Undergrad: 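Quick one: the structure is below, questions incoming.
Note on naming: letters A, B, ... go to the chains in the order of the sequence lines (proteins, then strands), and numbering restarts at 1 for each one. Keep in mind that this is a model prediction, so the values were computed, not measured.
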Amino acid sequence: MRIERLHIHGFGRIKEQEIQFNSPLTVLAGPNEAGKSTILMFVRAMLYGIPSRAFPAERYEPSGGGSHGGMLVAEAADGSKWTITRYAAPERRTGSGRSEQPTIVKTNPQGTAIHMTQHDLEKELLGGMSRDMFNQLFAVTLTELQEIRTLQSGDMGSYLFHAGFGGGTEIVRAERKLVQNMEKLYKPRGRVQESAKVLQRMEQLQREISESRSYLSKYIHAESKLSETQQTIADVDIRRTDLSRQLAVLHKAQEIRQQWLEWKEASIERGGISGEVSFPEEGLSRLERLREERNRIDIRLEELERALEEWKKQLAKLQTDELLISQGPVIERLAARREMMEIRIRELQELSGEEAALKEQLQRLLRQIHPGWGQLELRSFSGAVSERESVRRYAAGFAGYDRRMEGFALEREQKNRQLESAEYELERAEAAVSERKEAGKIRFHMIIPQTRTELLTAWQELQSEAERWRESRLSRVSAMNYEEQEALVSGRMRALYRKLLWGSAVLTLAFPAILWIMKSPWGALAAFLVFIIADVLLWRGSEALPGNSTSRSGRRKNGSLYSPETGEERISHLMSSLVSDPLTASASSDGPFTRSSSISDQDMESSLRELRKLVDARLLWHEELEQLSADADGVRQQAELFKRERLALIRKMDGEQHTFEQLDSQWRCWLVERGLEEGSSPETVMDMFGFAEQGMELVRRLDVLGRKWQALKQEIDAFEKECLTILPEHEVLDLHLLSHLGMRMRSWEEQQHLLHKREVIGSKLEPVQEEMFRLEREKSRLERVMQSLLDEAQAADEEEFLRIGAVSERRKELERMIRQLEVNMFSGWSGDREQALLNVLNHYDQAALDEACIRAEEEMSSAEKRWNELQQQRGRLLQERDHLVRLCSHDTALQQLEEERAHLKEIASEYAVLSICAEMIARTRGIYEQEKQPQVLKLASTYFHELTRGSYSRIVMKMGEKRLLAEHRDGSLIDSSLLSRGTAEQLYLAMRFALAGSMNSQVSVPLILDDLFVNFDEDRMCSALDVAGRMAENKQIILLTCHRYMTDHVQRRLPQAEIIRI
Amino acid sequence: MVPFKFIHTADLHLDSQFKGISGVSDDIRSFLRESTFASLDRLMQLAVSEQVDFIVISGDVYDAQDSSLQAQLRFHEALDRFGEHGIGVYIIHGNHDPLDSPRMKTGKREHVHVFGPEFEQVTLLRRKDQKPAAVIGGISYPTAKVTENTSLRFRRSREESLFHIALLHANVDGDPAHETYSPCTRQDLIHSGYDYWALGHIHKRQILNELPYIVYPGNIQGRSIRETGAKGCYVVQVNEDGKADLMFHELDTVRWFQEEIPIDSMEGEEAFQVQVEDRMQQIRSECQGKMSIVRFVITGRGSLHEKLEEGRIAEELLHELHRKAVRSAAEPSGFEGLVWVESFHVRSGPWIDRNALLLEDSFLGELLRYGQHAREDEKSRSEVFRKALYPLMANRELSRLLNEAADEERNEWLQRAEEMAILLLSSHEEGGGGKIDED
């Protein structure tokens, strides 16, 4: 490429400057601060972008503000033109976004312009050179030249040395990428890499596994422990049984020791009793029993004797009354009847009471019937049915008479009432007729015709006359209406004319006045005249109207001259014929009927109307009057009829009275016959019948009572007589007979009781004597038995018998005791155990035994405890074993570990591949460096040789150390850092020239050297210029300098160079 | 001689882990864990249904280093059940379950005979009539590492006419894939005079010799990609003439497969996916009712390689397949026909003529030449590996893992590294100007 033109709009201090490069070698000369370095930086910025604000030193912002940037035009090797325009964004934008927007346009030789990107620019125009490399190799300032490390950076190295293969960047990128990928996979001590996570998981799993690995050993351990425990349990079990047996023996011994002692003692005592004694079985008890029996009998005998005595004494005490005993049955019988007798006496008293009552009642009844009546009359009064019947007949006769008389009296009463009402009616009807007549006379007194017919004819006449009068009146009224309408119209017209006249009058004055002002007096005058005329006309018009109306009204008056007067007169005449005093008539009637004159039509009409009403009323009154008189006649006839009927009734009643008197006389005879009171009515007689019957009843009952009383009296007397026989004479008068009887009865009962007691005692005595006899016999039998018993035991007496008996008893007891103790002690204990027990008992005393027992118990409990512990242990072990089995069945940690391992292996192999790849690239690069380096160095050596004018022959690079050495002419090697400043710079320049030359196979990038030769001596500078001139043949070179001698030299040595002064 | 029937099995490796798989769900993990036991159950069922007289187990019943209690419990349970059916069991211990390893002590079982660390012989009575049928000699590993040739201790007594069976856990003729314990040669065994060498230790089923029979039945359940194919035991019928007739029976619960997928002519991802799913379907139909684990090895050179390396399509597909498998495993009887993809092993390369590159005088050419050199030259290769794996070695776990890696695997890494380098360095077009490093 070749830079053709720079257009700096604003960069550092430079503003709006354009620089054209026409020659391959250009020298930009200017004093300090002229902007040479700024131009260098501008080129860098144009090609690679304006540095960000983070690098203000390289950014070169315009000092006075304004646009920051410019344009660069370059020509590529293929002839296309690149125009690069860049401007830094005026203000900082947020974020890391680029602060500039370049415009890169590539124009083909054919002329087509294409927009390109920065990437394209770097790739095509700059041959893929990086910014750093451009800065370090092609656009070099003095400072950069002196930086030795710039040559030794990895990038640079690979770029330089591998120029043959795609420019070397790919290798760098590949290496970088590999390293990136590797770091993603694994990094020693890294934490975020996948491998680290896997490793962490593995560690976790391994921990788990070390746990699960122990399951087997734990299980085995548990298993062995278990069997061991089981063995121990068996051992302990045996020991436990032994101990428990031993303990049982000891306990037993302890328990029976007391018994054993007794047993031992009894055995010894038993041994002491010698020989056999014949002693009757149960001898002692038998003797005892016999003795007891004997004693008992003795006691009993004594008791009985005492009792016998007692009884006898008592018997002697009880004495009896013989008389009483003989009377006994009689008393008893009487006593038995006594109750009854008492009742009889009471009955007798009641009967006499009842009789008195009955007699009194009878007396009353008799008084009721007739004061003179006694029992005799009563008995003679027969209440026969026939008598009753005749009384009833009389009674019916009287009753029939009463009934009939009553009926007639009622009827008569009714007739009287009817008659009265009929008379009253008649009176009223007559009164009404006369009243009506009177009213009619007052009301219609003014009407002249008295009869109906007269009135009617007069009325009809009047009506026909009134008709005629009406017709004539109608025609008159229509004519009057017409006149009234005309008068109305003319009134309106006149009002209109008046208004117009006012309007025109105003105009007449105003209009000419206006015209006058308008300076046309003639016109005004003319107009005035015209208006005046109009006014006059109007005035006339308005005046004409009232004149018309007056003329017409006059005509109407004339046309109404018809003959109403005659008609009216006729009517009034007729009226007067009809009504005597019209004024009074009209006043008495409702409406105003003023027959003032013949003048008013309305009056005429109304009078006619009133008259019609009056006539109608008069006709109605006539009819009513007739009706009323007819009614009065009817009522009068009825009254007459009632009077006749009453008279007939009175005659009937007199007949009845006569028959009654006959019946009454017959009744009086009947009463006298019977001896009854004369005044008695048949009803009283009927009542007397009832009383007589009751009296008869009472008499009958009195008879019965009298008979009863008699019988009772007899019975009581007989009883009393009998009672007297049993009573002792001297007591008779003292008390009532019956209480005496009671006393006798009681003493008899006492006697009876006494007798009974004697009997009882006698019956008791007998068995006592009998028993005494029996006991005596028993006693003698016992004596015999006892003797035989003594004989049997060969005992002289009872005492001896007892002694022998006691000995024998003791022996038996001892034997029994021994047996019982043996059973108690050894029951359920087999022979050898019994022996062991006996041994223990024989060898231990109480204390020793207790001690042994406690010891054995302690041992036992410890064995028991041990056994329990072992059982628990066994349980624990079993549980642990089961737990382990359960755990292991769900344990997949090993498999998981294996999975993680597989994963890790994958990562590792991935890493291995990448790493091996990187390693191989590195190694190949090493080979490359060794093989390719000499070519660059060779070229650099020639340049160095030339620059130092033969002082140094060669540049040598030590591999591995990456150090540059200079070989002096004399063959000595000098490290670049030890060279003089100028020489070192020449060395680096030579290297740059060589590198730039060796890598320009594809594109030639311009070299811009910013005052690099300042430290060179004149000769060496000239040499450098020569080299530059040679290089300019195939590469654009721009030299920047501030030294005049330098431009001078250029002018002299390089005539083709273009010098631009700034 | 009386005819009889027995089962020869070895290397049960009960409750041992499945290696190389990751990302499984709990369901699948439990199933895998149960698989060795399921195979053991199947072995028992087979013994019952075949009415064998006895069964011999030639070592490695379980992995002692895992100290799995479950394994021991389940094995003892199984022994009890053999006993219930009257089937005798003859066991030797191998390098994984030597006699000195922690073992559960159990009561004496009449039908079980465990050989001790010294050679011993037992005469076996036939089950149905208690006639002597065979002589079984065996020797257990007293410790894990037995380097002595114990086969030499097997000597047949000349006068005994019964069928002789030898139980030995050994690496015959030094198979390099397995630890060389009890090293012996085929000749040693043939000369011993035994009629049937019931061997254990090598997990690959093989019959080394027919007269006498020298047999490795292999293990009963494959547990890593190194143990692909059907796994099971031999049912041996010995007839009156003393002739043995071997019949293999599958016992495995989960089967391993390794499938190669060449990408040479493959164009897009879809084709790759279809290919993978076709293979899976094939496997599914091949072992129905079983779970299978497959490793896909991607080989060949093609444009797909770049996508596999860069676009990680294999990884995504793997995740997808795993997800599917986990889902279907959660369903009832979801393990029947379940295919679990262990991994995709990328051994393919980009579509570049490697041989041409090897001759080219370029950076890549140089690199490949160096790789070639390293593969041949042990020293420079180990140097490369040492340098490359140095950071990993700092970690104990990783260093162990890497040390375990076989040469084959290392070569694979090298190969892949080369392919990666080609991929990274050959894409000229992609390269270009660097970015603006302003900050």
Side-chain angles (χ1 to χ4, degrees), chain A residues 48-49 51-52 54 118-119 122-123 126 128 130-131 162 165-167 169-171 173-174 177 186 188 199 202 213 215-217 219-220 223-224 884-885 888-889 891-892 894-896 898-906 908-909 911-921 923-924 927-928, chain B residues 15 17-24 26 29-30 32-33 66-70 72-73 102-105 343 362-364 366-367 370-371 374 384-385 387-389 391-392 394-395 397-398 401-402 405 409-410 413-414 416-418 420-421 424-425 427-428 430-434 436-439:
Chain A
Y48 286 97
S52 71
Q118 177 70 26
H119 183 78
E122 286 180 23
K123 195 173 159 188
L126 297 167
S130 76
R131 181 196 190 94
H162 312 134
F165 191 84
T169 43
E170 271 174 14
I171 296 164
R173 200 175 301 132
K177 188 174 175 186
Y186 173 78
L199 281 167
M202 280 174 73
R213 267 189 217 284
Y215 291 165
L216 180 61
S217 57
Y219 186 88
I220 292 168
E223 195 84 314
S224 68
L884 286 169
V885 168
C888 79
S889 70
D891 176 35
T892 54
L894 269 169
Q895 181 62 44
Q896 283 179 43
E898 205 55 60
E899 283 164 26
E900 295 295 351
R901 199 171 275 153
H903 194 175
L904 189 65
K905 180 74 174 286
E906 239 167 71
S909 52
Y911 184 91
V913 168
L914 291 169
S915 182
I916 290 166
C917 186
E919 177 66 20
M920 280 175 64
I921 288 172
R923 276 169 191 268
T924 314
I927 295 166
Y928 238 57
Chain B
D15 205 20
Q17 295 81 48
F18 278 66
K19 291 193 190 301
I21 62 167
S22 60
V24 295
D26 287 348
R29 186 179 299 125
S30 305
L32 293 179
R33 193 200 181 196
D66 291 341
S67 300
S68 168
L69 175 56
Q70 180 82 342
Q72 305 224 10
L73 286 170
R103 281 186 301 152
M104 262 169 64
K105 287 187 198 69
S343 62
S362 64
F363 192 86
L364 255 182
E366 200 68 47
L367 190 143
Y370 185 78
V384 168
F385 277 107
K387 200 84 180 295
L389 303 181
L392 294 181
N395 185 283
E397 194 67 40
L398 279 167
L401 264 178
L402 293 170
E409 200 170 2
R410 284 167 178 261
W413 291 344
L414 191 60
R416 266 188 79 190
E418 283 173 11
M420 185 171 279
L424 283 170
L425 298 177
S427 52
H428 323 258
E430 226 185 278
I436 297 169
D437 297 322
E438 290 189 333
D439 313 25

Undergrad: Counting only N and O atoms by type, is there a donor-acceptor contact under 3.5 Å from the side chain of A/E919 to the main-chain atoms of B/F385?
TA: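 Not a single qualifying donor-acceptor pair exists.
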Undergrad: Specify the closest pair of heavy atoms between A/A908 and B/L402, including all atoms of both residues, with the distance to one decimal.
TA: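 Shortest heavy-atom separation between A/A908 and B/L402 comes out as CB-CD2, 4.1 Å.
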Undergrad: Of all the heavy-atom pairs spanning A/V913 and B/A417, show the shortest one and how long it is.
TA: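 Minimum heavy-atom contact is O-CB, 3.4 Å.
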Undergrad: Please evaluate residues B/K19 and A/K905 with respect to the criterion side chain to side chain contact (heavy atoms under 4.5 Å, CB included), reporting the C-alpha separation (whole Å), side-chain torsions for both, the decisive distance (0.1 Å), and the verdict.
TA: CA-CA 11 Å; B/K19 291 193 190 301; A/K905 180 74 174 286; over 6 Å; no
Undergrad: Could you pull out the closest heavy-atom pair between A/M920 and B/G371, with the gap in Å?
TA: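 So the two residues come closest at CE-CA, 3.6 Å.
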Undergrad: If you count heavy-atom pairs within less than 4.5 Å of chain B, which of A/E906, A/K177, A/H903, A/Q896 leads?
TA: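 Sorted descending by pairs with chain B, the first entry is A/Q896.
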Undergrad: With a 4.5 Å cut-off on heavy-atom pairs, point out which of A/S217, A/A918, A/S909 contacts chain B the most.
TA: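 Option with the greatest count: A/S909.
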Undergrad: If you count heavy-atom pairs within less than 4.5 Å of chain A, which of B/D15, B/D26, B/L73 leads?
TA: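 Greatest number of close heavy-atom pairs with chain A: B/L73.
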Undergrad: Tell me, please, which residues at least two apart from B/Q70 pass side-chain hydrogen bond (donor to acceptor under 3.5 Å, both in side chains).
TA: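 B/Q70 satisfies side-chain hydrogen bond (donor to acceptor under 3.5 Å, both in side chains) with no residue once adjacent residues are dropped.
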Undergrad: Check A/S889 against B/R33 and note the closest heavy-atom contact, atom names and distance.
TA: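 It is O-NH1, 3.1 Å.
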Undergrad: State, to 0.1 Å, how close A/Y186 and B/P391 come at their nearest heavy-atom pair, and which atoms those are.
TA: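 Shortest heavy-atom separation between A/Y186 and B/P391 comes out as OH-O, 3.1 Å.
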Undergrad: Which region of B/R103, side chain (C-beta onward) or backbone (N, CA, C, O), has a non-hydrogen atom less than 4.5 Å from a non-hydrogen atom of chain A, or is it both or neither?
TA: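 Backbone only.
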Undergrad: Please name the pair of heavy atoms, one in B/L424 and one in A/C917, separated by the smallest distance, quoted to 0.1 Å.
TA: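 Reported closest heavy-atom pair: CD1-SG, 4.3 Å.
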Undergrad: For the salt bridge (charged side-chain N to carboxylate O under 4.0 Å, His left out) test, which of A/E899, A/E898, A/E900 pairs with B/R29?
TA: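 So, applying the salt bridge (charged side-chain N to carboxylate O under 4.0 Å, His left out) to B/R29 and each of A/E899, A/E898, A/E900, only A/E899 qualifies.
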Undergrad: A/Y219: what forms a ring-ring contact (aromatic ring centres under 6.0 Å, His included) with it, not counting sequence neighbours?
TA: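 Counting only residues at least two positions away or on another chain, A/Y219 forms no ring-ring contact (aromatic ring centres under 6.0 Å, His included).
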Undergrad: May I ask you to test the B/K387-A/R923 pair for a side-chain heavy-atom distance under 4.5 Å?
TA: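 Yes; the side chains approach each other to less than 4.5 Å.
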Undergrad: Heavy-atom distances under 4.5 Å only: say whether A/I220 touches chain B with side chain, backbone, both or neither.
TA: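 Contact with chain B: side chain only.
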